Amino acid sequence: MNRPVRTRFAPSPTGGLHLGGVRTALYNFLFTRKHGGTFVLRIEDTDQTRFVPGAEEYIIKCLEWCGITPDESTTAGGNYGPYRQSERKHLYAQYAQQLVAAGHAYYAFDTPEELAQMRAANANQQYDHTIRMQMRNSLVLPDTEVATLLAQGVPHVIRIKMTPGETLTFTDLIRGEISFDTSLVDDKVLLKADGMPTYHLAVVVDDYLMQITHAFRGEEWLPSAPVHLLLWEYLGWKEKMPDWAHLPLILKPDGYGKLSKRDGQRLGFPVFAMNWTDPATGETMTGFCERGFLPEAFVNMLAMLGWNDGTTQEIFSLEELVQAFSLERVHKAGAKFDFEKAKWFNQQYIQQASDDVLVLLVRPYIEEHVGEVTDELLWQVVPLIKERCSLLADFWDQGHFFFKDPETIDVDAIREKWNDSTQQFFTAWLEALDQLEVWSAESVERSFNELVAAQGIKKGAVMLPLRIMLVGGKYGPGVFEIAGVVGKEAVVRRLRRNLFSV
RNA sequence: GGCGCGUUGGUCAAUCGGUUAAGACGCCUCCCUUUCACGGAGGAAGGACGGGUUCGAUUCCCGUACGUGCUACCA
């Protein structure tokens, strides 16, 4: 196939953009960038009952955050629009009619009750070649009656007429050759009673009209591949059919099922790229973005979930991914999502990031707690604590004491070390600090050491209490560094308060 | 139930018939550090099972088991 490469990402706007969705989009993006093609975003909003307003804008926002913006979409434009299936309604009906005319599809007038009755007779019964001649459709009804029913506007659908007894084979770019027996495939609905197409008709028509050359989608679509294959054939477009690649699923960390929103809530990690608020319930699901992931790290992590370049390299920039990516190396088996590993990727990127971008990124996570903070303070704090942070949100947990007095103090830890001489020591040190002319990490430390020597006590006995009074617990960077940044006033205040309470 | 797809340590995974079966995350130990992290050194932990093919199978084939997906006028 010599056509220019065109891939499409086709999410349904029914909720947040989850990990599997982003990864599919990412592989589309990497593939098109590598082969100099076009990356199309098409929206599958044919199911009006599940359609959620604002979801399309949300999806585009997520892709932008990830740095994998599509070349063609409702907002980006392009010559193959409209890019929303709901706006292409007329096209699908036209091709469905064409299939009926060619004898590859038929009108079915069965009511929901009749369908239920059919299935009640045999739980495994599908609407297929074994039973279609016993149903109410244009295959069995006289032409005149069909015409009358259609004229009267009786609700009906159009179903594909599967030819039994054939073996369909196609080559999946990831899985190799896959075969199906058409006798086992049912007569899927192509056009619904409301005039909207089902996914089956819509993908084929859209991919054809948008001249898609490579179609990537989740593994869950594999069983319906024969329907799509036949549709390409029946519509007479077989030569233009894209190559297929069915991507492995992203699985929940425990158990083996597909990763779902519920798993995120249950296990305490995000499953969406960015915050998603369900307009119906008002419930907000935290995204990787808001949780403090850097987009580069997020994308890197996702790329490695089901693919690797065969070397031991794990950290890839987007550009490197584009170079190294190949569908042949995508795994066949699903991969369990591991939040710990995801955090590790982000930690790597935080360590690599320069302090000036970190200051920019970290600010909202700090200001969320204490209001406005100065650049100067952030510039001092960021380098001191970045190496102990995996998520942007960690900057608050690891450095809150730089911005406000600790709210809780690990009193028990102090008490273990506490006695009259430590009490004396700190009282004396407070006076010494007051005399200090230059306030810096070094001068504070010097003053501390001098007093330790003068009082003849063990430094270990007073270091920990000092830390805890200053930061609240047994963590954080060097105490004197902290004292230097926080300033004399705050140090004295924190010591006084805690000296008294202990 | 039927059909499809899959199966290397707890997790991500390398190996494209011959290896002491890499590496990473996590876990454990030690070092560094008068806190915690970072960093460094080390450790435990793996080919689902049964048949073939072959001089030789983790690798190729078949079967079984297990898992998972689909089986809607949802995608």
Side-chain angles (χ1 to χ4, degrees), chain A residues 10-14 44-47 49-50 85 108 110 112 115 119 122-128 155-159 172 174-175 178-181 183-186 188-200 202-203 217-226 246 248-249 251 253-258 301 304-315 328-329 331-345 347-348 351 385-390 394 398 410 413 417 458-468 470-471 473-479 482:
Chain A
S12 48
T14 53
E44 292 174 354
D45 59 346
T46 54
D47 184 358
T49 59
R50 296 207 316 174
Q85 288 182 337
D110 313 278
L115 291 173
R119 291 180 183 120
N122 175 357
N124 297 325
Q125 182 65 55
Q126 299 190 93
Y127 202 121
D128 60 15
H156 63 276
V157 300
I158 293 181
R159 287 179 180 272
D172 183 274
I174 294 170
R175 284 151 215 282
I178 298 172
S179 309
F180 299 91
D181 179 354
S183 303
L184 273 4
V185 183
D186 59 333
K188 288 270 182 261
V189 170
L190 264 21
L191 204 66
K192 299 187 262 188
D194 63 2
M196 286 297 239
T198 57
Y199 172 85
H200 307 295
V203 251
R217 59 180 6 172
E219 187 187 354
E220 69 268 29
W221 288 108
L222 214 39
S224 50
H246 290 88
L249 265 18
L251 278 16
D254 54 344
Y256 292 91
K258 251 203 297 190
M301 176 275 292
M304 305 307 288
L305 212 52
W307 171 89
N308 70 81
D309 74 340
T311 73
T312 57
Q313 183 176 350
E314 288 192 280
I315 303 297
E328 296 72 50
R329 290 201 64 89
H331 267 236
K332 294 183 178 75
K336 289 185 186 181
F337 174 66
D338 181 358
F339 191 51
E340 290 305 318
K341 184 84 185 210
K343 283 197 291 194
W344 175 79
F345 273 102
Q347 189 247 106
Q348 296 294 307
Q351 303 324 313
I385 58 173
K386 69 188 269 191
E387 68 191 15
R388 57 196 72 220
C389 295
S390 297
D394 292 343
Q398 292 297 327
D410 186 355
K417 302 260 182 184
K458 280 194 287 187
K459 198 177 173 186
V462 281
M463 281 295 278
L464 192 68
L466 171 61
R467 162 173 300 281
I468 289 171
L470 247 34
V471 318
K474 291 192 260 191
Y475 57 89
V479 252
I482 296 171

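Chain letters run A, B, ... following the sequence lines, proteins first and then strands; every chain starts at 1. Everything quoted here is computed from the prediction, not taken from an experiment.
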Non-neighbouring partners of D309(A) that pass side-chain hydrogen bond (donor to acceptor under 3.5 Å, both in side chains), sequence neighbours left out:
T311(A)

Measure from the side-chain heavy atoms of K188(A) and tell me the nearest of rG69(B), rU34(B), rU71(B).
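Given the options rG69(B), rU34(B), rU71(B), the side chain of K188(A) is closest to rU71(B).
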
Which listed nucleotide (rU71(B), rC73(B), rC25(B)) is nearest to the side chain of V157(A)?
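Within the option list, the nearest is rC73(B).
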
Base, sugar-phosphate or nothing for [X]? Non-hydrogen atoms, less than 4.0 Å.
X       : value
D110(A) : base
G478(A) : base
K258(A) : sugar-phosphate
L190(A) : nothing
P155(A) : nothing
T14(A)  : nothing
R119(A) : sugar-phosphate

Report yes or no: does [X] contribute a side-chain atom to a donor-acceptor pair with the main-chain N or O of [Y] at less than 3.5 Å?
X       : Y       : value
E387(A) : Q351(A) : no
D172(A) : H246(A) : yes
R329(A) : W307(A) : no
R467(A) : P477(A) : yes

Might you list the N or O atoms of the protein lying below 3.5 Å from N or O atoms in nucleotides 1-11 of chain B, with each pair's distance?
unit_1 : atom_1 : unit_2  : atom_2 : d
rG1(B) : N3     : N124(A) : OD1    : 3.4
rC5(B) : O2'    : R175(A) : NH1    : 2.7
rC5(B) : O2'    : E219(A) : OE2    : 2.9

Under the rule of Watson-Crick or G-U wobble with both distances under 3.5 Å, where | means paired to another strand and [ ] a crossing pair, RNA chain B maps to (((((((..(((.....[....))).(((((.......)))))....(((((..]....))))))))))))....

Do R175(A) and L222(A) have side chains that approach each other closer than 4.5 Å (heavy atoms only, starting at C-beta)?
yes

S390(A) vs Q398(A) side-chain heavy atoms within contact, under 4.5 Å
no

Reading RNA chain B from 5' onward, which residue's closest nucleotide shows up sooner: V189(A) or L251(A)?
L251(A)

In whole angstrom, give the distance that lies between atom [atom1] of [X] and atom [atom2] of [N].
X       : N       : atom1 : atom2 : value
Q313(A) : rA22(B) : CD    : C1'   : 16 Å
Q398(A) : rA37(B) : CD    : C1'   : 7 Å
L470(A) : rU34(B) : CG    : P     : 17 Å
D254(A) : rC12(B) : CG    : P     : 13 Å
L249(A) : rG69(B) : CG    : C1'   : 7 Å
D194(A) : rC73(B) : CG    : P     : 12 Å
L115(A) : rU71(B) : CG    : C1'   : 15 Å
W344(A) : rC27(B) : CH2   : C1'   : 17 Å

Can you check the distance between [N] and [M], where both ends of the measurement are the [atom1] atom (answer in whole Å)?
N       : M       : atom1 : result
rU68(B) : rU20(B) : C1'   : 35 Å
rA24(B) : rA41(B) : P     : 10 Å
rU19(B) : rG26(B) : C1'   : 26 Å
rC49(B) : rU58(B) : C1'   : 14 Å
rG67(B) : rC25(B) : C1'   : 23 Å
rU15(B) : rA57(B) : C1'   : 13 Å
rU59(B) : rG18(B) : P     : 11 Å
rG52(B) : rA45(B) : P     : 31 Å

Below 4.0 Å: OP1/OP2 of [N] and any side-chain N or O of [X]:
X       : N       : result
K192(A) : rC74(B) : yes
R467(A) : rU34(B) : no
R329(A) : rU15(B) : yes
N308(A) : rC12(B) : no

Run the side chain to side chain contact (heavy atoms under 4.5 Å, CB included) test on K341(A) and F345(A) for me, step by step, so that the C-alpha distance in whole Å, both residues' side-chain angles and the decisive distance to 0.1 Å come before the verdict.
CA-CA 6 Å; K341(A) 184 84 185 210; F345(A) 273 102; 3.9 Å; yes

Please list every donor-acceptor pair under 3.5 Å in which a side-chain atom of residues 188-200 of chain A meets a protein atom from a residue at least two apart or in another chain.
unit_1  : atom_1 : unit_2  : atom_2 : d
K188(A) : NZ     : D186(A) : OD1    : 2.8
K188(A) : NZ     : D186(A) : OD2    : 3.1
D194(A) : OD1    : M196(A) : N      : 2.8
T198(A) : OG1    : V189(A) : O      : 2.8
T198(A) : OG1    : L190(A) : O      : 3.3
Y199(A) : OH     : R217(A) : NE     : 3.4
Y199(A) : OH     : R217(A) : NH2    : 3.2

Would I482(A) and V471(A) satisfy side chain to side chain contact (heavy atoms under 4.5 Å, CB included), going step by step from the backbone distance to the final call?
CA-CA 9 Å; I482(A) 296 171; V471(A) 318; 3.6 Å; yes

For side chain to side chain contact (heavy atoms under 4.5 Å, CB included), just list the numbers for V203(A) and W221(A), CA-CA rounded to whole Å, side-chain angles, deciding distance to a tenth of an Å, and then say yes or no.
CA-CA 11 Å; V203(A) 251; W221(A) 288 108; over 6 Å; no

Short heteroatom pairs, N/O only, protein and nucleotides 42-49 of chain B, under 3.5 Å:
none

Minimal non-hydrogen separation, P248(A) against E219(A), with atom names:
CA-OE1, 3.9 Å

Evaluate side chain to side chain contact (heavy atoms under 4.5 Å, CB included) for N308(A) paired with E314(A), printing each intermediate quantity in order.
CA-CA 8 Å; N308(A) 70 81; E314(A) 288 192 280; over 6 Å; no

side-chain contact (heavy atoms from CB on, under 4.5 Å) involving P155(A) - partner list, sequence neighbours excluded
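In terms of side-chain contact (heavy atoms from CB on, under 4.5 Å), with neighbours along the sequence ignored, P155(A) is linked to no residue.
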
